[in-house]
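Reminder, nothing fancy here: chain letters follow the sequence lines and each chain counts from 1.
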Protein chains: 2
Amino acid sequence: MSETTPTETRSNEGRPPERAPRKRVNRREQILRTAADAFAAQGFNNTSLADIAAMLDITPAGVLHHFGSKTDLLTAVLELRDNNDPAPPGSGMLDHLVTTAERNAERPGTTQLYAVLSAESATAGHPAQEWFRERYTVLRQEVEDAVLDRLGPEHREAAGTPGPSGHSPARSAAAAVLAAMDGLQVQWLLDPEAVDMAAVTELVIDAVVARLSTRADTGKSSGEGSQEASGNTEG
Amino acid sequence: MSETTPTETRSNEGRPPERAPRKRVNRREQILRTAADAFAAQGFNNTSLADIAAMLDITPAGVLHHFGSKTDLLTAVLELRDNNDPAPPGSGMLDHLVTTAERNAERPGTTQLYAVLSAESATAGHPAQEWFRERYTVLRQEVEDAVLDRLGPEHREAAGTPGPSGHSPARSAAAAVLAAMDGLQVQWLLDPEAVDMAAVTELVIDAVVARLSTRADTGKSSGEGSQEASGNTEG
DNA sequence: GACTAGTTACTAAATGTTCATTAAGTCAAG
DNA sequence: CTTGACTTAATGAACATTTAGTAACTAGTC
C-alpha cells in the first residue's frame, strides 16, 4: 500500500533545505492519491495546492511541476479512479453496485470524493462538469442494460420501450438506482449511523426491478389522483 | 474629493448623484434571494460577496451590513427556503414529494442550491453541515411516517420494526426516496434531457412501498446468495 | 572513473489576483 | 438626533501560477 518515503522528510524546519532522495516510484501517483484525499475531504474549490503540497512535504510549485494546473490535477484524479473499479457486464452489475456501496462505507475518502465532486460539478463552469455528464450517461446505459438483463424476456421488451415521459422504464430505473446511491452517500457522510448504504441500495434495486416486472408499462402514471399532474413533458 | 462629491450609482460610473432610493421593502429579503441564486449557480465556496453585491449594485460591505458574515448569509438563505415549502403530514407527503420534483424541474435555481450545497456541506468544517444533518434526520422521519401511513395496517408493524441492519424497512425506504431525489437533481442539473425527475421519483416511491408490502421483513437479507462479496477489493 | 550534458524534481521568490472583513464616514429619512 | 443603508478605503490573508534557479541523478564519451 503506502510504503513510501524511506528516509528523508523535509518536515524538519530550520535546517538548510535537505533534498529528498530520488525515488524511482512514480511521484505522480503519490501526488494523485494525496490530491484525491484532499479533494475528498474538502471539495475541489476548497482545497488549495498548498494543502496538497503540505501533505507531501513539498511546495505548491512542486505539485505544479507534475501537473500543469490545479484543474489538470483534478481531471487526472478523476481518471485515475475511473479505471480502478471495473464493473462486470450483464445483470451481475447490479450485485456489483451493492458491493460497491458496501466498499464505499469503508472508504469515506473515495466516497466523499465523488459525492462532493459530482454535485460541485453541477455549478457553472466547473472543470469536471463534462466528465461527470459523460460518466452518468455511460453509467445509466450500463445499469439499464443490467436491469433489462435481470428481467425475464417477457418483461424485457416493455421495460425497454420508451413511455410517455420519453424514457424507457428500464432507463428510469437505472437513473433511480444511480441517484439513490449518490444521495445515500451524502446522507451517510453527514451521519454514518443513520443509513446503511449497501442495504438501502439493495432495497432500491430489488424494489425497482420488481416494479418493472409487475408494471413494466409504467412510464409515468398518475396514481392516486391526489395531485394534478400536468403531465406535460415540457417543451 | 470635494465635499459635495455626490458619488454615483453603482452600475454606472460617476455621473448622476443618484443614491438608490430608500425602499421600504425589506432589503434583507432581496439580498437573500440574490444570494440564494448565486450560491445555487456557483456553490458557496465559489461565490464571493462581491458576486452577490454586484448583482445588487452595491458593495460587498453593503451586504455585510445586513448579514454579519458570509456564513451568516448562508444560514439565512437556508432558513428562508426551509420555511417555504410546508409538507402535508401523513401519506400525502409522498405525493407532495413528486409534486416537489415536478416543481424543481421548473426551478433550476432552487434545485441547484440544495443539490450543490448539501453535498458541499459534507466537506470538513462546512458551515452548513449541521443544518443539513438535522434536515435529513427530520426528513427521514417524516418520510418514514408517510410510508408507514401508506402501507396497510397489516404491513405497518413489520415495516416499522428494525431489521438486522439496525434500521426499519420503512426508514430504509425513506432514506432511499430522499437519496433518489437528491441524486436525480445532480443528474438532471448536468443533463436535463436525460432524466425526468418527477417520473423517477414516483417510480422509486411506488416501487419501494410495494416492496415493503410484499416483503416488509427485508432489512438486509442475503437472500439470493448471488454475489460473493468477499476477498478481493483490488481491481 | 571522471567530465559533461541532459533530465527530473524540485525550491524560492515573486506576481497579480481575489477575498472576507473592519473601520470610519456620508447621506437621507423619521 | 438617531437610525438605517449604505460607501470608500484599508488590511491581511489565501491563492494559482510564473520565473529562475539548483541539487541530484542518468547516460554518453573519453
Side-chain angles (χ1 to χ4, degrees), chain A residues 4-32 34-35 38-39 42-75 125 127, chain B residues 1-14 16-32 34-35 38-39 42-75 125 127:
Chain A
T4 47
T5 42
T7 40
E8 295 304 301
T9 56
R10 50 179 287 289
S11 48
N12 219 347
E13 80 263 26
R15 310 255 285 97
E18 200 169 321
R19 208 150 270 279
R22 295 270 268 159
K23 285 282 294 192
R24 307 212 162 284
V25 300
N26 244 2
R27 197 67 204 269
R28 242 183 102 95
E29 275 181 25
Q30 231 171 75
I31 296 178
L32 236 32
T34 306
F39 290 155
Q42 315 175 29
F44 174 71
N45 283 321
N46 208 25
T47 299
S48 66
L49 289 177
D51 290 342
I52 296 163
M55 295 165 77
L56 293 155
D57 274 322
I58 60 175
T59 62
V63 175
L64 288 178
H65 170 71
H66 295 272
F67 303 88
S69 70
K70 198 188 167 190
T71 296
D72 285 358
L73 180 55
L74 172 64
T75 53
Chain B
M1 299 170 189
S2 57
E3 284 183 359
T4 35
T5 23
T7 41
E8 87 270 327
T9 66
R10 210 95 272 302
S11 50
N12 211 345
E13 281 181 38
E18 185 186 325
R19 198 159 274 272
R22 293 268 269 160
K23 291 282 292 195
R24 307 218 160 285
V25 299
N26 246 2
R27 197 65 204 271
R28 245 184 98 97
E29 273 181 26
Q30 228 171 80
I31 296 178
L32 237 31
T34 307
F39 290 154
Q42 316 176 32
F44 173 71
N45 283 321
N46 209 26
T47 300
S48 65
L49 289 177
D51 290 343
I52 296 163
M55 296 165 79
L56 292 155
D57 276 320
I58 59 175
T59 61
V63 175
L64 289 178
H65 171 70
H66 295 273
F67 303 89
S69 71
K70 197 188 168 191
T71 296
D72 285 359
L73 180 56
L74 172 64
T75 53

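The side chain of A:R27 sits closest to C:dC10 out of D:dA16, D:dA9, C:dC10. Here C:dA12 is the nucleotide among C:dC10, C:dA12, C:dA23 with the atom lying nearest to any side-chain atom of A:A61.
Contact check for A:I58 versus A:R27: side-chain heavy atoms found under the 4.5 Å cut-off. Residues B:F67 and B:L74 have side chains not in contact (no heavy-atom distance under 4.5 Å, counting atoms from C-beta outward).
When rounded to the nearest whole Å, the span between CG of A:N45 and C1' of D:dA14 equals 14 Å. Rounded to whole Å, atom P of D:dA14 lies 19 Å from atom CG of B:N46. As a whole-Å value, the separation of A:L74 CG from D:dT17 P is 12 Å. A:D51 places its CG atom 14 Å from the C1' atom of D:dA13, with the value rounded to the nearest Å. With rounding to whole Å, B:R28 atom CZ is found 16 Å from D:dC6 atom C1'. Atoms CG (A:L73) and C1' (D:dC15) sit 15 Å apart, rounded to a whole Å. For the pair A:I52 CD1 and D:dT17 C1', the interatomic distance rounds to 14 Å; values are reported in whole Å. Taking atom CG on B:L49 and atom P on D:dC6, their separation rounds to 15 Å, with Å as the unit.
Between A:A38 and A:T47, the shortest heavy-atom contact is O-OG1, 3.3 Å. Between A:F39 and A:K70, the closest heavy-atom pair is CE2-CE, 4.4 Å. Of all non-hydrogen atoms in B:T34 and B:I52, the two that sit nearest each other are CG2-O, 4.0 Å.
A heavy-atom distance below 4.0 Å to DNA chain C is reached by these residues of residues 63-70 of chain A, ordered by number: A:H65, A:H66.
A:S48 has no side-chain polar atom (N or O) that falls below the 4.0 Å cut-off from OP1 or OP2 of D:dA14.
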Inset, instruction - Mind running side chain to side chain contact (heavy atoms under 4.5 Å, CB included) on A:L73 and A:L64 for me, showing each step along the way? - result: CA-CA 9 Å; A:L73 180 55; A:L64 288 178; over 6 Å; no

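Between the B:N46 side chain and the B:G43 main chain, no donor and acceptor come within less than 3.5 Å of each other.
Within 4.0 Å (heavy atoms only), A:T71 reaches no atom of the nucleic acid at all.
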